S.K.: 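This is the structure, below, for whatever I ask next.
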Amino acid sequence: MDFTILIVGLMIGVGVPVRNKLIRKYRDRKKQTENENKSK
C-alpha cells in the first residue's frame, strides 16, 4: 500500500513537469514550421 502511494506520488511529481516540457517543445517546433511555411 505504502509502496503504491510512493510510486503514484513520483509519477505525478516527476511525470507532469516532464510532460509539460515535451508539450512545450512540440508547440515551439510546430510554430517554427508554420512561420517558415508562411515566409516562403
Side-chain angles (χ1 to χ4, degrees):
M1 184 69 182
D2 293 337
F3 190 64
T4 306
I5 294 169
L6 181 68
I7 290 175
V8 170
L10 283 172
M11 283 173 61
I12 292 170
V14 176
V16 172
V18 168
R19 196 192 72 201
N20 289 344
K21 272 187 190 175
L22 290 173
I23 290 171
R24 195 173 297 127
K25 277 186 185 177
Y26 171 75
R27 285 185 184 152
D28 288 346
R29 199 176 302 136
K30 197 173 176 187
K31 280 183 185 175
Q32 282 181 345
T33 54
E34 284 177 3
N35 291 338
E36 288 172 3
N37 290 340
K38 285 180 182 176
S39 64
K40 286 184 179 178

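Just so it is clear, the model here is predicted, and its values are computed rather than measured.
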S.K.: For Val18, which residues count as a side-chain contact (heavy atoms from CB on, under 4.5 Å) partner, sequence neighbours excluded?
M.R.: Val14, Leu22
S.K.: Kindly write out the residues that satisfy side-chain contact (heavy atoms from CB on, under 4.5 Å) with Ile23, not counting sequence neighbours, or none if the list is empty.
M.R.: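 So Ile23 forms a side-chain contact (heavy atoms from CB on, under 4.5 Å) with Arg19, Arg27.
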S.K.: Taking only residues two or more places apart in sequence or in another chain, which ones pass side-chain contact (heavy atoms from CB on, under 4.5 Å) with Lys30?
M.R.: Tyr26, Glu34
S.K.: Within this structure, what is the CD-CG distance for the pair Gln32 and Asn35, rounded to the nearest 0.5 Å?
M.R.: 8.0 Å
S.K.: Apply side-chain contact (heavy atoms from CB on, under 4.5 Å) to Ile5 and list each qualifying residue two or more places apart in sequence or on a separate chain.
M.R.: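 Checked Ile5 against side-chain contact (heavy atoms from CB on, under 4.5 Å); matches are Met1.
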